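Please read these numbers as outputs of a predicted model, since none were measured by experiment. The chains referred to below are lettered A, B, ... by the order of the sequence lines, with proteins before strands, and numbering in each begins at 1.
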Number of protein chains: 2
Amino acid sequence: MSVELRAFQSLKLWHDVHLDLVHHGGDLSSRQIAILLTIYLEPPPHTVRGLARKLRVTKPVITRALDTMGKLDLVARRRDEADRRNVVIQRTVAGALAVERLGDVITAHAKELPR
Amino acid sequence: MSVELRAFQSLKLWHDVHLDLVHHGGDLSSRQIAILLTIYLEPPPHTVRGLARKLRVTKPVITRALDTMGKLDLVARRRDEADRRNVVIQRTVAGALAVERLGDVITAHAKELPR
DNA sequence: GTCAAATAATACGGCGCCGAAACGAACGGT
DNA sequence: ACCGTTCGTTTCGGCGCCGTATTATTTGAC
């Protein structure tokens, strides 16, 4: 029963945060969220190939997500001068702020949950 | 600093669960997730109008989401016989299982987080 | 210098969701 | 019986993401 309760709390958190995102958030797909958070939570450098491997998706998925998030100024691309085939994905100020804000939203809703 | 740490943990949870969803989950949009969880977490009855109000989206959004999730057998529709203008949204066995499974995924990842 | 391998980007056809507007069915007051 | 209101659905043009296949650039081995 306590297990069920915990699952319910988790689901309520999921529900509340998604509700928040629907209203105030630029809506990114699950894939885009996973990519964005990988970039901001795991140590750089990040490449298209590396992200594709880590998330087990094809490279065009990464390229397109970077296009979209780049337009939103959430990430930036830079050619790797050491090996010009590679593209290094860089964080941006706006992106860092957006991720930070997301973290705040999650923790705020988590705090409201009964323990 | 402890605040930052908690935000980081929240973001890691968000990242990990989304990663899981990308691989094993039927991919629903943020709106669809919010709708689905509202139906399964809040007490019935649910109507198109009520869901639209609660999520602050237009009614066609609800109709289309119900179409999609209905095809996936996550929810079902029933005409309200008392007032035949209304449509009552019903839960399904498959939907309950899917929601339960999502709860399990979230709690499992949450458990792995350092406190 | 040449060629195979690796990397990222692009082209293509398809599918799903969007917002706004129009629509049809059902209700309720008079 | 009418008529305004409510409810859910449908239509329309548009946009974004998908997977697969192809392209362009760069590298490194020989």
Side-chain angles (χ1 to χ4, degrees), chain A residues 18-19 21-39 44-91 98, chain B residues 18-19 21-39 44-91 98:
Chain A
H18 274 279
L19 212 49
L21 293 183
V22 166
H23 296 149
H24 312 299
D27 54 337
L28 302 177
S29 70
S30 289
R31 281 178 167 185
Q32 290 168 336
I33 290 279
I35 293 170
L36 185 69
L37 290 183
T38 299
I39 293 170
H46 296 287
T47 65
V48 173
R49 173 97 183 141
L51 289 173
R53 246 189 73 81
K54 196 161 299 191
L55 308 193
R56 304 209 209 139
V57 296
T58 59
K59 284 185 291 180
V61 167
I62 304 294
T63 295
R64 287 185 294 240
L66 292 180
D67 289 343
T68 300
M69 298 193 291
K71 274 179 210 154
L72 300 174
D73 199 33
L74 296 175
V75 298
R77 272 187 263 226
R78 198 196 79 217
R79 210 84 219 184
D80 179 3
E81 291 304 328
D83 182 344
R84 293 186 48 76
R85 287 172 302 181
N86 291 333
V87 161
V88 178
I89 290 97
Q90 296 183 298
R91 302 169 184 173
Chain B
H18 273 280
L19 210 50
L21 293 184
V22 166
H23 295 148
H24 311 299
D27 55 336
L28 301 177
S29 70
S30 289
R31 282 176 167 190
Q32 289 168 337
I33 291 280
I35 294 170
L36 185 69
L37 290 184
T38 299
I39 293 170
H46 296 289
T47 66
V48 173
R49 173 97 184 141
L51 289 173
R53 246 189 73 81
K54 197 161 298 191
L55 308 191
R56 300 205 213 144
V57 295
T58 60
K59 285 184 293 177
V61 167
I62 304 294
T63 294
R64 288 185 293 242
L66 293 179
D67 288 344
T68 301
M69 299 193 290
K71 274 179 210 153
L72 300 173
D73 200 32
L74 297 176
V75 298
R77 270 188 264 227
R78 198 197 79 217
R79 211 85 220 187
D80 179 3
E81 292 303 328
D83 183 344
R84 292 186 49 76
R85 286 173 303 181
N86 292 331
V87 162
V88 178
I89 291 97
Q90 296 183 296
R91 302 169 183 173

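- Here D:dG8 is the nucleotide among D:dG19, D:dG8, C:dC18 with the atom lying nearest to any side-chain atom of B:Arg79.
- Within residues 44-54 of chain B, no residue has a heavy atom under 4.0 Å from DNA chain C.
- Put simply, A:Arg77 has a side-chain N or O that comes within less than 4.0 Å of OP1 or OP2 on C:dA9.
- Rounding to whole angstrom units, CE of residue B:Met69 and P of C:dG16 are separated by 15 Å.
- Proximity of a side-chain donor or acceptor of A:His23 to a complementary backbone N or O of B:Leu55 within less than 3.5 Å is detected.
- Note: CG (A:Asp83) to C1' (C:dT7) measures 8 Å, nearest angstrom.
- Here B:Asp67 contributes atom CG and B:Leu72 contributes atom CG; the two are 11.0 Å apart, rounded to the nearest 0.5 Å.
- Residue B:Lys59 contributes atom NZ, which lies 13 Å from atom P of D:dT10 at whole-angstrom precision.
- The minimum heavy-atom distance between A:His46 and A:Ile39, with the atom names listed, is NE2-O, 3.4 Å.
- C:dA9 atom C1' lies 13 Å from atom CD1 of A:Ile89, rounded to whole Å.
- Of the side-chain N and O atoms in A:Thr58, none sit less than 4.0 angstrom from OP1 or OP2 of D:dC18.
- Within the model, atoms OG1 of A:Thr47 and NZ of A:Lys59 stand 9.5 Å from one another, a figure rounded to the nearest 0.5 Å.
- The distance between atom CD1 of B:Ile62 and atom C1' of D:dC7, rounded to the nearest whole Å, is 13 Å.
- One atom, CG of A:Asp67, and another, P of C:dA11, lie 11 Å apart when rounded to the nearest Å.
- Annotation: B:Arg78, atom CZ; neighbour count of heavy atoms from other residues, nucleotides and ligands within 6.0 Å is above 12.
- Under a 3.5 Å cut-off, the side chain of A:Arg79 and the backbone N or O of A:Arg84 do form a donor-acceptor pair.
- Non-hydrogen atoms lying under 4.0 Å from DNA chain C are contributed by nothing in residues 28-36 of chain A.
- Heavy atoms only, all atoms of each residue included: B:Val48 and B:Ile89 are closest at N-CD1, 3.7 Å.
- Taking atom CG of residue A:Leu66 and atom P of nucleotide D:dC17, one finds them 12 Å apart after rounding to whole Å.
- Closest to the side chain of B:Arg85, from the set D:dT5, D:dG19, C:dT10, is D:dT5.
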A:Thr63 vs A:Arg77, side-chain contact (heavy atoms from CB on, under 4.5 Å): CA-CA, chis, key distance, verdict:
CA-CA 10 Å; A:Thr63 295; A:Arg77 272 187 263 226; 4.1 Å; yes
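- Closest non-hydrogen pair, A:Ile35 versus A:Met69, comes out as CG2-CE, 3.6 Å.
- A:Asn86 has no side-chain polar atom (N or O) that falls below the 4.0 Å cut-off from OP1 or OP2 of D:dT26.
- As a whole-Å value, the separation of A:Arg78 CZ from C:dA9 P is 14 Å.
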Taking Watson-Crick and G-U wobble pairs with both distances under 3.5 Å, convert DNA chain C into its dot-bracket string, 5' to 3', dots for unpaired and | for cross-strand pairs.
||||||||||||||||||||||||||||||
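- Between the side chain of B:Arg84 and the base of D:dG8, no donor-acceptor pair of N or O atoms lies under 3.5 Å.
- Between the side chain of A:Arg64 and the base of D:dG19, at least one donor-acceptor pair of N or O atoms lies under 3.5 Å.
- Contact record, A:Lys54 with A:Thr38: CD-CG2, 4.0 Å, taken as the closest heavy-atom pair.
- Side-chain N or O atoms of B:Arg31 include none that pairs as donor or acceptor with a backbone N or O of A:Val22 at under 3.5 Å.
- Within the structure, a side-chain polar atom (N or O) of A:Thr68 is placed less than 4.0 Å from OP1 or OP2 of D:dC17.
- When all heavy atoms of A:Leu74 and A:Ala98 are compared, the pair lying nearest together is CD2-CB, 3.9 Å.
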